[in-house]
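Being a predicted model, the structure only gives us computed values, none of them experimental.
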Amino acid sequence: MTRVILSLLFFTSSAMALTWSTDDHRQVLEFHGKLQQEFGALGYRQNRQQGYRAESFGGNSQASLGLSGAGRLNADLVLIGEMSWDLVNDSRYGDRIYSDEAWLGVRIRDDLELTVGRSDSPFNQLRDMTDVFNLFGGHGYMMDTALDDQVKVTWARGGLDLRAGYAFDDANKQDENSGTESQYGASAGYQAGNGLGVVLAVENKQQGDPNGDIRNMAAGISYRTPGGF
C-alpha cells in the first residue's frame with residue numbers, strides 16, 4: 001500500500017521548433033524538439049517490517065525530436081502527418097530510444113482530424129492538463145502514452161475538444177507489452193475563456209490474460225491566469 005502525503009514535482013519543459021512553409025502556406029514542414037525533466041516526488045510507502053518510510057520516486061528525463069508536416073489540398077481538406085522519437089532516461093528502465101509517434105491523417109474544415117498509425121492516446125488530453133497523473137494515478141499506463149495501429153478522430157471548436165481512438169491488437173512491443181490486445185479510449189475537454197479547464201477521460205486495455213485488463217477513468221481540472229501562469 002502506498003500513501004502519498006507530500007508531492008514535490010518540478011516539471012520543466014524547453015521546446016524549440018524550426019518551420020518551413022511555401023509563400024501561400026499550402027505546404028508546411030516543422031522540425032521540433034523538447035527537453036523535459038521530472039525531478040520526482042516524495043511520499044511514504046508502507047512495508048510490514050518497518051512501517052511507513054519516506055522515499056522518493058520518479059526523476060525521469062526525456063529528449064524528443066520530431067518532424068511534422070501539412071499539405072493543403074483545397075479550402076476544406078489538409079493532409080497531415082508526424083514522425084517523432086524520444087530518448088528517455090527512466091528511473092526504472094534506464095536509457096531507451098523509441099518511436100513516439102508515426103502517423104498520417106487528414107484535417108477537414110480545421111475542426112475534424114482523422115489519423116491512422118502510432119499516435120498518442122485520447123487519454124493524453126488529461127495527461128497534458130495534469131502532468132502528475134502518470135506519477136500518482138493510472139500506473140498501468142505510465143509508459144503507454146502512444147499506441148500502435150491506432151485509428152483516432154478529434155473534433156475541436158470553441159474551446160471544446162473531443163477525442164476517440166481504437167488500437168487494433170496493439171502489441172506495442174517496443175514498450176515490452178507483447179501481451180496487449182485491443183485498446184480504446186475517449187476524452188472530452190473544455191477550456192473556458194475565464195481560464196478554467198476540465199477534462200474527462202476513459203481508457204480500456206485488454207491483455208491476453210484477462211486478469212491483466214486495465215480500465216481507467218479520470219477527471220482533471222485546471223486554471224490558467226490571464227498572464228498564462
Side-chain angles (χ1 to χ4, degrees), residues 28-34 36 60 62-71 73 77-88 90 92-93 95-108 111-129 131 133-134 137-156 161-189 199-218:
V28 178
L29 285 177
E30 181 179 271
F31 297 90
H32 49 87
K34 182 175 70 172
Q36 176 177 310
N60 305 328
Q62 175 178 309
S64 302
L65 181 65
L67 171 65
S68 57
L73 299 180
L77 200 61
V78 180
L79 296 179
I80 54 177
E82 179 176 355
M83 293 189 66
S84 60
W85 301 265
D86 287 344
L87 171 60
V88 179
D90 189 274
R92 298 172 301 165
Y93 300 110
D95 294 335
R96 301 185 304 140
I97 298 178
Y98 68 98
S99 171
D100 181 35
E101 300 200 21
W103 53 265
L104 293 173
V106 61
R107 181 182 300 128
I108 304 171
D111 297 327
L112 180 67
E113 288 188 0
L114 301 173
T115 64
V116 178
R118 179 173 174 82
S119 61
D120 63 341
S121 164
F123 212 87
N124 274 21
Q125 184 175 187
L126 183 137
R127 294 189 184 99
D128 291 342
M129 176 179 286
D131 56 16
F133 181 82
N134 281 0
H139 292 279
Y141 288 86
M142 292 181 71
M143 300 304 296
D144 296 340
T145 59
L147 304 177
D148 290 322
D149 305 322
Q150 179 176 227
V151 176
K152 187 171 70 170
V153 56
T154 302
W155 182 86
D161 189 329
L162 304 177
R163 307 179 191 181
Y166 186 91
F168 296 88
D169 295 330
D170 183 7
N172 213 3
K173 294 180 180 179
Q174 69 173 352
D175 291 334
E176 300 178 358
N177 292 322
S178 57
T180 302
E181 296 182 349
S182 59
Q183 302 185 61
Y184 55 88
S187 63
V199 171
L200 176 65
V202 294
E203 196 164 40
N204 183 289
K205 177 179 181 180
Q206 296 175 318
Q207 299 284 113
D209 178 5
N211 294 325
D213 292 353
I214 298 173
R215 295 177 179 86
N216 273 341
M217 175 181 290

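The shortest heavy-atom contact between Gly69 and Leu29 is CA-CD2, 3.9 Å. Residue Gly189 comes nearest to Val199 through the heavy atom pair CA-CG2, 3.9 Å, listed as atom of the first residue, atom of the second, then distance. The shortest non-hydrogen separation linking Leu87 to Ile97 is CD1-CG1, 3.5 Å. The two residues Arg118 and Ser99 make their nearest non-hydrogen contact at NE-O, 2.8 Å. For the residue pair Met217 and Leu200, the shortest heavy atom distance occurs at CG-CD1, 4.4 Å. The nearest pair of heavy atoms linking Ala167 to Asp148 is CB-O, 3.5 Å.
Separation of atoms CH2 (Trp155) and CG (Leu162) is listed at 6.0 Å; rounding is to 0.5 Å. Atom CG of Leu147 and atom CZ of Phe168 lie 12.0 Å apart (nearest 0.5 Å). In this structure, Leu114 CG and Arg107 CZ are separated by 11.5 Å, a value rounded to the nearest 0.5 Å. In this structure, Met83 CE and Trp103 CH2 are separated by 12.0 Å, a value rounded to the nearest 0.5 Å. Rounding to the nearest 0.5 angstrom, the gap separating the CD atom in Glu101 from the CG atom in Asp86 is 9.0 Å. Separating the CG atom in Asp120 from the CD atom in Gln125 is a distance of 10.0 Å, to the nearest 0.5 Å.
With sequence neighbours excluded, no residue satisfies side chain to side chain donor-acceptor pair (under 3.5 Å) with Thr154.
In this structure, the side chain of Arg163 does not engage the main chain of Phe123 through any donor-acceptor pair within 3.5 Å.
Residues Gln150 and Pro122 form a side-chain contact, since some pair of their non-hydrogen atoms from C-beta on lies under 4.5 Å apart. Inter-residue side-chain proximity for Leu77 and Ile108 is flagged as met; some heavy-atom pair is nearer than 4.5 Å.
Of the candidates Glu203, Lys152, Gln183, Glu203 is the only one forming a side chain to side chain contact (heavy atoms under 4.5 Å, CB included) with Ser121.
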